[in-house]
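Computed from a predicted structure; not experimentally measured. Here is how names work: the chains are called A, B, and so on, in the same order as the sequence lines, proteins then strands, and each is numbered from 1.
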Number of protein chains: 2
Amino acid sequence: MSTKYQVVANAIRERIENGTYKIDELIPDQNALAQEFHVNRLTVKKALDGLAAEGLIYKQSGLGTYVRGKIPFITPHDVSVNDFGGAFHHFGEEHIQSKVISFDVELPDERIQKNLSIKHIDPVYNITRLRIVDGKPTVLEHTYMPVRLVPDLEREHVDTSIYTYINETLGLKFGGAFRKFSAFGASGDDIKYLEVEEGSPILEVEQLVWLSNGKMIEYSTSRNPGNLRSYTALNVNNF
Amino acid sequence: MSTKYQVVANAIRERIENGTYKIDELIPDQNALAQEFHVNRLTVKKALDGLAAEGLIYKQSGLGTYVRGKIPFITPHDVSVNDFGGAFHHFGEEHIQSKVISFDVELPDERIQKNLSIKHIDPVYNITRLRIVDGKPTVLEHTYMPVRLVPDLEREHVDTSIYTYINETLGLKFGGAFRKFSAFGASGDDIKYLEVEEGSPILEVEQLVWLSNGKMIEYSTSRNPGNLRSYTALNVNNF
DNA sequence: GAGTGGTCTAGACCACTCT
DNA sequence: GAGTGGTCTAGACCACTCA
């Protein structure tokens, strides 16, 4: 919130949301915006690049910058791959409830060592949680995190939001994530906890998250009953 | 391939791939690279920003720029959401075969009108294709495209690669895509064409693609048997 | 304190689109 | 030709990390 280009980006985002800049219409050109905000044109461009990456606007060299309309097939149930809030933040405190099925510390097997780039002597948390949204079992999460990077993780954090603990208490920043989407038939724990029938479709997200310093902090799988949740992803081309 | 930052980015990408810059090690700093390539430091920074967005490197202010290691759980079967090649390009001409199930021109219903941002009088192609990879039915694609944007689409293009026709013959560029991943149980056409059993898990990708001029060019759904294909997505955080 | 990447400026030229 | 966004430069200052 402190850099100039973020201030400019937020101001423009606000104008798009409140309708000052209308869908499919041109917004003022970069020079005009630079004058208005008393910044250099490059600073405006950087702000617009960010909004374009979010999908809010699109630019055409020689013409100008347009506001993009909403994507029709997004619903509030869908989870965007493009933000890092975590489930707690997405659904809101009032709607989400977590049932901790297991919360252990153990030494990692070879697969976990590889994914988290750690040695066999580095302990990891092994956490299984059932996320209940508005009373409905919605996600079964299986999470591994290196103890070294997330010291003193308490039951209390696991009950609510581990991401809040990592971001706000430890002051760590996420650098990025890699995700893999697959479809499976429900088995074992899915049937037990998600209250679905054997073989019914499950959307699995396998996920590797790293910090801004490049260290791997989380390897997890999330299993969602097919009818309850979808994931969305936005991609903008720049070549 | 023509701008300076692309030249620099490609040179650095090459050095990472051929091992000149090693995994988890620092690459030369921005000033050194700027000197070497005879460009300004900002140009180097822009090149590095691009490589960081691709996930190849990560930067830490105050320390330097590191080469990121490979993500362990990617397999060659997985399709990356982060590129725009199309199925034909991904699998290679030798491995992929397309069976055109239907190829019609019709007037769009309300759902298609909304997704493609067109009127009811604008005709669309309605194409159903079965993609066969190495002899195995792998994807059932259902595609809508506005006739106005893709004139003179011939059976020949549908048999091979529509993307090649759009990019190379029509000279159009993709601007971005929005995708939604869901899990379903196989039904109707899935059973018939993908040779799977009723109710077996299907990974569906619903997709909206637009051109660099902002116009919607494709609305499609792709259905993959759960055991055959996964999708991967990379996200880098910048706030 | 030295070195790193991040931000910002003023000014320039280019490629592109429309009239 | 006028106006748009894209690229590039030279130079400056900042925040951050490590010794």
**Complete:** Sorted by chain and residue number, the salt bridge (charged side-chain N to carboxylate O under 4.0 Å, His left out) partners of A:Glu106 (sequence neighbours excluded) come out as none
**Fill in**
By ring pair (Phe, Tyr, Trp, His ring centres under 6.0 Å), B:Tyr21 pairs with (sequence neighbours left out) none
**Prompt:** Which letter, B, S or -, goes with each nucleotide of nucleotides 12-19 of chain D from 5' to 3', with contact meaning a protein heavy atom under 4.0 Å?
**Reply:** B---BBS-
**Asked** Could you state the NZ-C1' distance from B:Lys4 to D:dA10, rounded to the nearest angstrom?
**Response** 13 Å
**Prompt:** So which pairs with a foot in residues 23-35 of chain A pass side chain to side chain donor-acceptor pair (under 3.5 Å), sequence neighbours left out?
**Reply:** A:Gln30-A:Arg41
**Item:** Close residues, residues 210-217 of chain B, relative to DNA chain D [heavy-atom separation under 4.0 Å]
**Value:** none
**Item:** Length of the line joining A:Tyr58:OH and D:dT4:C1', which is rounded to integer Å
**Value:** 15 Å
**Dot-bracket summary - DNA chain D, pairs being Watson-Crick or G-U whose distances fall under 3.5 Å, with | when paired to another strand** = ||||||||||||||||||.
**Request:** Tell me, please, which residues at least two apart from A:His157 pass ring pair (Phe, Tyr, Trp, His ring centres under 6.0 Å).
**Result:** A:Tyr165
**Item:** Partners passing ring pair (Phe, Tyr, Trp, His ring centres under 6.0 Å) against B:Phe37 (at least two apart in sequence or in another chain)
**Value:** none
**Message:** Tell me which residues in residues 28-38 of chain B lie within less than 4.0 Å of DNA chain C, going by non-hydrogen atoms.
**Reply:** B:Asp29, B:Gln30
**Request:** Find the distance A:Leu26:CG to C:dT17:P and express it as a whole number of Å.
**Result:** 15 Å
**Message:** Run the side chain to side chain contact (heavy atoms under 4.5 Å, CB included) test against A:His77 and tell me which residues pass, sequence neighbours left out.
**Reply:** A:Thr75
**Message:** So if I take residues 43-50 of chain A and measure heavy-atom distances to DNA chain C, which residues fall below 4.0 Å?
**Reply:** A:Thr43, A:Lys46
**Message:** The side chain of A:Asn40 is closest to which nucleotide in this list: D:dG6, D:dC8, C:dT9?
**Reply:** C:dT9
**Message:** Does D:dC8 have OP1 or OP2 under 4.0 Å away from a side-chain N or O of B:Tyr5?
**Reply:** no
**Complete:** Sequence neighbours excluded, the answer for side chain to side chain contact (heavy atoms under 4.5 Å, CB included) partners of A:Gln207 is A:Tyr163, A:Arg179, A:Val209, A:Glu218, A:Ser220
**Request:** Return no unless some side-chain N or O of A:Thr65 is found under 4.0 Å from OP1 or OP2 of D:dT4.
**Result:** no
